[in-house]
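Structure, as structure tokens:
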Amino acid sequence: MHKISQRTITQAQAIREALDHQLTQDESVILIGEGVPDPKGIFGTTLGLQEKHGRKRVFDMPLSENGMTGICIGASLSGLKPVLVHQRLDFALLSMDQLINNAAKWHYMFGGQSSVPIVVRVIVGRGWGQGPQHSQSLQALFSHIPGLKVVMPVFPEDSRAMLVSAIQDKNPVIFIEHRWLHGLTGPVKEQIETTRLNKARVVREGNHLTLVATSYMVIEGLKAADALSAHGVDVEVLDLRCTSDIDQEAIIGSVNKTGLLIVADTGHLSLGISAEIIALATQHCFSKLSKAPERVACPSYPASTSAAQLEDYYPTAQHVASAVFKLKSDISEATQCEILRCLSPSGPIDVPSVDYAGPF
Amino acid sequence: MHKISQRTITQAQAIREALDHQLTQDESVILIGEGVPDPKGIFGTTLGLQEKHGRKRVFDMPLSENGMTGICIGASLSGLKPVLVHQRLDFALLSMDQLINNAAKWHYMFGGQSSVPIVVRVIVGRGWGQGPQHSQSLQALFSHIPGLKVVMPVFPEDSRAMLVSAIQDKNPVIFIEHRWLHGLTGPVKEQIETTRLNKARVVREGNHLTLVATSYMVIEGLKAADALSAHGVDVEVLDLRCTSDIDQEAIIGSVNKTGLLIVADTGHLSLGISAEIIALATQHCFSKLSKAPERVACPSYPASTSAAQLEDYYPTAQHVASAVFKLKSDISEATQCEILRCLSPSGPIDVPSVDYAGPF
Amino acid sequence: MMLANDPNLITAPYEVGHSIFRTMLFIRHVEERLASEYQKQNMRCPMHLCIGQEAVAAAVSQCLSVKDEVFSGHRAHGHYLAKGGSLTSLVAEMYGLPSGCSKGRGGSMHLTDLQVGFVASTPIVGGTIPVATGAAWAASLKGEDKIVAVYFGDGCFEEGVIHESLNFAALHKLPIVFICENNNYSVYTKLQTRQPQRTIASVAHAHGIESASGDGNDALECYDLASEAVEAVRAGRGPRFLEFSTHRVLEHCGPNDDEQLGYRAPGELERWLRKCPIKDLRERLVSNGLLDAIELQEIETSILHEIQEVFEFVHVQSKMQLQQPEHSAYA
Amino acid sequence: MMLANDPNLITAPYEVGHSIFRTMLFIRHVEERLASEYQKQNMRCPMHLCIGQEAVAAAVSQCLSVKDEVFSGHRAHGHYLAKGGSLTSLVAEMYGLPSGCSKGRGGSMHLTDLQVGFVASTPIVGGTIPVATGAAWAASLKGEDKIVAVYFGDGCFEEGVIHESLNFAALHKLPIVFICENNNYSVYTKLQTRQPQRTIASVAHAHGIESASGDGNDALECYDLASEAVEAVRAGRGPRFLEFSTHRVLEHCGPNDDEQLGYRAPGELERWLRKCPIKDLRERLVSNGLLDAIELQEIETSILHEIQEVFEFVHVQSKMQLQQPEHSAYA
Ligand SMILES: Cc1ncc(C[n+]2csc(CCOP(=O)(O)OP(=O)(O)O)c2C)c(N)n1
Ligand SMILES: Cc1ncc(C[n+]2csc(CCOP(=O)(O)OP(=O)(O)O)c2C)c(N)n1
Ligand SMILES: [Mg+2]
Ligand SMILES: [Mg+2]
């Protein structure tokens, strides 16, 4: 009998395993970022890696986001595979020039003679007063740029596989982590695997409605799907994973089956990932759609520091459920109330769990 | 009898009039940019303004896009109204930090006590080998950011009104010009007017199909509409004007009337302006849409320098017409050929007109 | 008895020494109170305390007038308070209340008090440097009689935008003082891991800006350098740059000690604790006969009283249902 | 007759002077041919010629070996050719042909010839500075025996990213030479409108990088400075910075004179034309007895012949139906 691995680790640990593995397996891999070798090790994801792999493989860096991005591009042209880390996605805005003008275009603009195999890990902050400049989820910006691959990992084992594959990819990959997923636990095999970056994953099957979700919204979506299934509504939940090269096939397949679509995204709604998915589904599944798709995302203003002002800001399982109610008109009001009640948040809304104590 | 003004000027001249007017009317307005006072005067749009308004109002600047953006933000907080010019949109990517982290958020993040009345003029290059780093039309990036207003002027008189209104706006406005529109001529009253920035304009009425277009694609769209109308197809053409706060009302009104929608945009297709408009139309006009909307935009790779490699890159009136053919299945093949033939470009595809001789 | 060349002899006017001392003490007590209140989890935002670094803010502000404008970064409490920023608005902001200085939208890292010329602090490292430079540009263009001061850390000097700002300030001879608080660390990372062997001030100097360095824990030295710089800037002689060495005593972000993490050099913290700027100035004021035990007690008491009142007031406010401001990203 | 302290005395080895001269002349003739061909509108892309600025590229390349790597910006023809970049690939690239060095995707502003170590030039000012720094970092990490050189203009020094790159290069003692061709203009804007009174090299020096300045139109002075710098860098003594004064003779972008625009100081262009680096070295070679009229004629003829052949070849190519490369932004 085959023994099933029971090993359970967090996403942060899984990310660390991917880095450790790649640093071990491929001597061209290097890791750099402000705080990478420090005592907190980027929320635990880089702890001990400098000690293990040495100071010529694992680096701290000056606060020079644009320069360091260009430097990693240069290193990658010379055969290294740099992984560059920003503790917040917001800091990477300083490097849009190097990312968009150079990294994304190098392969194409020099006629395919070279490529830029770098991974830029950026972390979307949330909660505990991260506020306007430390919590932006701007996947839409990167994903609009041809030449960049943009992925948003969720589950630990998949995150590890995605990071390994991102590092081995010949192209620049923006690896967008969500601070509230670092603590997510899940079963993770000993054996390291790779994965195709541009495939969505069905993380829950269902026939009544398709929910395409990104990053942390997959978790909220699954919560909603659980609550709904108790009342006979089977939501199919797709973890989009890649927001640049969107997996049309998976989305079309599911929408053709269910005829109803909701998109839940961690970013701003307008001109966000949800717009593209709705446009795609409308263009490809027009006759199968029985109602107009719904979208669930952040509003068009920045995130406040104050939790009180964030009450209607971040979409939750309740918002997902409400979108479902709009599309499935056969759910009674009583059932709706019941579902929303069971989905109401138990603790403070500015932390992923009651025992969350940073670092933020 | 009222005498109708016959004055005809180019968009570049109209932009210059707006700047001249604002520098004259409002002493808090200042104008700065690399090349602003030089002999070419930003494609003629700033010629003579330093001579007229002096060296304490009109400035050249160091090549420090991020710094100068922050400097203009600081000046605006102190009561000035800076207009900052980048000869190419691509250069503004160096300033995404200041635009997104500061300009867009300042009003909100300090509780509404102050605001950042700056205008950032960026110019989308095209043709004569502008290539990958001098031709990006990235309105989708700016438009996704709450707090920025993003406009794309087309016609001379409207461009002047839009720039005047942008300068007087209390918020940061990204004013995206298209190099191929600078030479567009049109009637322009002597009298300077203002306008609402977030309204789309019906530039051609029609009952059969709605075309929402941005920037230079309005011109291509109108060409297509002309050719189609000769064959009884009446396309309603909307000049979108504002890509951040999209005029839902105008779009919904038109789509509800025609039941068919095409969006034509100068940027990349995926995650572009067209996605948002299709999502909006689908959500608001689902039952009125008789076919899935179409979009016409640039593909997912950078622009080449070589004109030969751009043949399928930039969407033209022909592409718009082809999209119409998909939606209006009652146009005979012969008519389609006829229309495409009359829309085929006459001169080289890398210049807006045969006599175009730069500056590029 | 003090001799004329005794390094402890205070030459600054009586009020200056006193005022700087009181400001430092005020900042210290506010920070300590924030640290202890923070544990109650009512102030739910990242917070970068400046304990050990109070001297620079106190000394610089001593040279500024209310219409002069100040900008800062993530570690801004001291700069804000020294410029006269409202403590009530700061504490309310930390509580996330609509009565906070940024209506609860910014927390510790986004401070503003326009009435006293504390324009803004924001936490993107380097983010306010060009903004401050632009404020100085506007002052110069409008011929206004005010100057700008902007504070930042050693880490900030690695951001390209500060060099762009220094270049522009030098080019246009802007009325601005750039003030670098070099505490040798960016989070846990030592200066030597981030910058080559040379002083920060020397790079600013090379940009064409007169620059000076000093002991950031010696409040009177800070004052001497700051007043000389501010005077020159006010006189229209262009920008100045000041670099002060100092040390952050608590953790980078949060209310606690972090000596257990072991990232500091052995003995480093201890050495700096001995150089506490408040203790240092207190002792010198006392030995110069400018301060006695009774006065000291009075100052302490009045500061603690003020702080206590503010915290009580804000705590009460935090229990009330205050109207939340409307959400709009646009003016 | 030359005296030992005559400034015109050539101390560099015979081959060095000759080789630099030939390279400069080659660049000049290519640029002139490009300028005249450009009018035919077959090369449909922006083009920044380096006529008048040939010395720096020729002298620096004289010190580099083929495995050393070079990066540049928008005005890159000279740097590319001096490093040995294929003229055929350059001209084909200007024609927008798939046989061009970037398959027609980049034109004049995106040059590459990996076989000879000319890695890349791109036209976002400052864009290649960190990339070159990263290439030097990789060489250092991998322990490779090569160095990197990156060329840029005076305008580029205003971009923050160059300071970030200098900081990193100095910190990690990278094998890179930063070479600033200071032609006093950014498009039509004078240096004094963009940067304060101080030299560019002094700022680089303050960053902790040994820096030197020289006359960029004196090819042998360029060579002396470059060879000293390259040797030091190659010996592992960290980065170097060189600033050369020079002048662009034609318009910023395009094939024409632009003296009629009147943006230069009166007499400025004339003065620089008199300091033509090619004329200067030719005269010195001749007066040192290192070059005679017959040799000169031979060199000219062989250069013109090579250029003629390349242009003819590419012109023929441009009439053929070449297969266009596939479009993919991804490797
Ligand atoms: C652009 C940017 N990069 C990184 C960070 C994360 N960060 C916050 S504070 C800090 C340390 C800055 O060090 P320094 O400027 O010396 O100030 P100190 O904390 O020592 O007062 C860092 C890296 C940030 N906020 N912004
Ligand atoms: C980031 C950026 N800003 C502006 C430009 C427009 N531009 C192209 S070349 C140039 C002048 C650069 O001057 P310098 O670096 O001195 O080089 P030179 O042209 O004198 O050789 C400018 C401003 C650009 N290409 N990139
Ligand atoms: Mg520090
Ligand atoms: Mg120059």
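Each chain gets a letter, A, B and so on, in the order the sequences are listed, and its residues count up from 1.
In terms of heavy-atom pairs under 4.5 Å with chain A, the best-connected choice from C/Q195, C/H110, C/M43 is C/H110. Per-residue heavy-atom pair counts under 4.5 Å with chain C were compared for A/P132, A/P37, A/A307, A/P302, and the maximum is reached by A/P132. Counting heavy-atom pairs under 4.5 Å between each of A/K40, A/Q130, A/E34 and chain C puts A/K40 at the top. Comparing A/G129, A/G131, A/G35 by heavy-atom pairs within less than 4.5 Å of chain C, the highest count is held by A/G129. Chain A forms the most heavy-atom pairs under 4.5 Å with one residue out of C/V161, C/V125, C/D258, C/T122, and that residue is C/T122. Of the listed residues C/S328, C/G127, C/P325, the one with more heavy-atom pairs under 4.5 angstrom with chain A than any other is C/P325. Per-residue heavy-atom pair counts under 4.5 Å with chain A were compared for C/G96, C/P123, C/G107, and the maximum is reached by C/P123. The candidate with the highest count of non-hydrogen atom pairs below 4.5 Å against chain A, out of C/A329, C/P46, C/S102, C/G262, is C/P46.
C/S108 places no side-chain N or O within 3.5 Å of a backbone atom of C/M94 that could act as its donor or acceptor partner. Panel note: side chain A/T46, backbone A/G41; a donor-acceptor pair is recorded below 3.5 Å.
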Inset, instruction - Given side chain to side chain donor-acceptor pair (under 3.5 Å), test A/H319 with A/T316 step by step and report yes or no. - result: CA-CA 5 Å; A/H319 294 88; A/T316 64; 3.0 Å; yes
Legend entry - CA sep, side-chain torsions, deciding dist, call: A/T45, A/R121, side chain to side chain donor-acceptor pair (under 3.5 Å): CA-CA 11 Å; A/T45 61; A/R121 287 180 54 201; 2.9 Å; yes
Inset, instruction - Begin with the C-alpha distance, continue with both residues' side-chain angles, and end with the deciding distance and a verdict on ring-ring contact (aromatic ring centres under 6.0 Å, His included) for C/Y185 and C/Y263. - result: CA-CA 10 Å; C/Y185 287 90; C/Y263 63 92; 5.4 Å; yes
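Remark: aromatic rings of A/Y301 and A/H268 are distant, center separation not under 6.0 Å. Taking the six-membered ring for Trp and the full ring otherwise, the centers of C/H79 and C/Y151 sit less than 6.0 Å from each other.
Residues from residues 54-63 of chain A that place a non-hydrogen atom less than 4.5 Å from a non-hydrogen atom of chain C comprise A/D60, A/M61, A/P62, A/L63, given in numerical order.
Proximity to chain A (any heavy atom under 4.5 Å) is restricted, for C/Q324, to the side chain, taken from C-beta onward. Using a 4.5 Å cut-off between heavy atoms, A/L94 contacts chain C through its side chain alone, with no backbone atom that close. Only the backbone of A/S300 comes within contact range of chain C, judged by heavy atoms closer than 4.5 Å.
Ring planes of C/W272 and C/H247: parallel class, angle under 30° (limits at 30 and 60°).
To the nearest 0.5 angstrom, A/C72 atom SG is 5.5 Å from A/I32 atom CD1.
Residues C/L49 and C/H77 form a side-chain contact, since some pair of their non-hydrogen atoms from C-beta on lies under 4.5 Å apart.
Side-chain N/O atoms of A/D90 and A/Q136 include a donor and acceptor closer than 3.5 Å.
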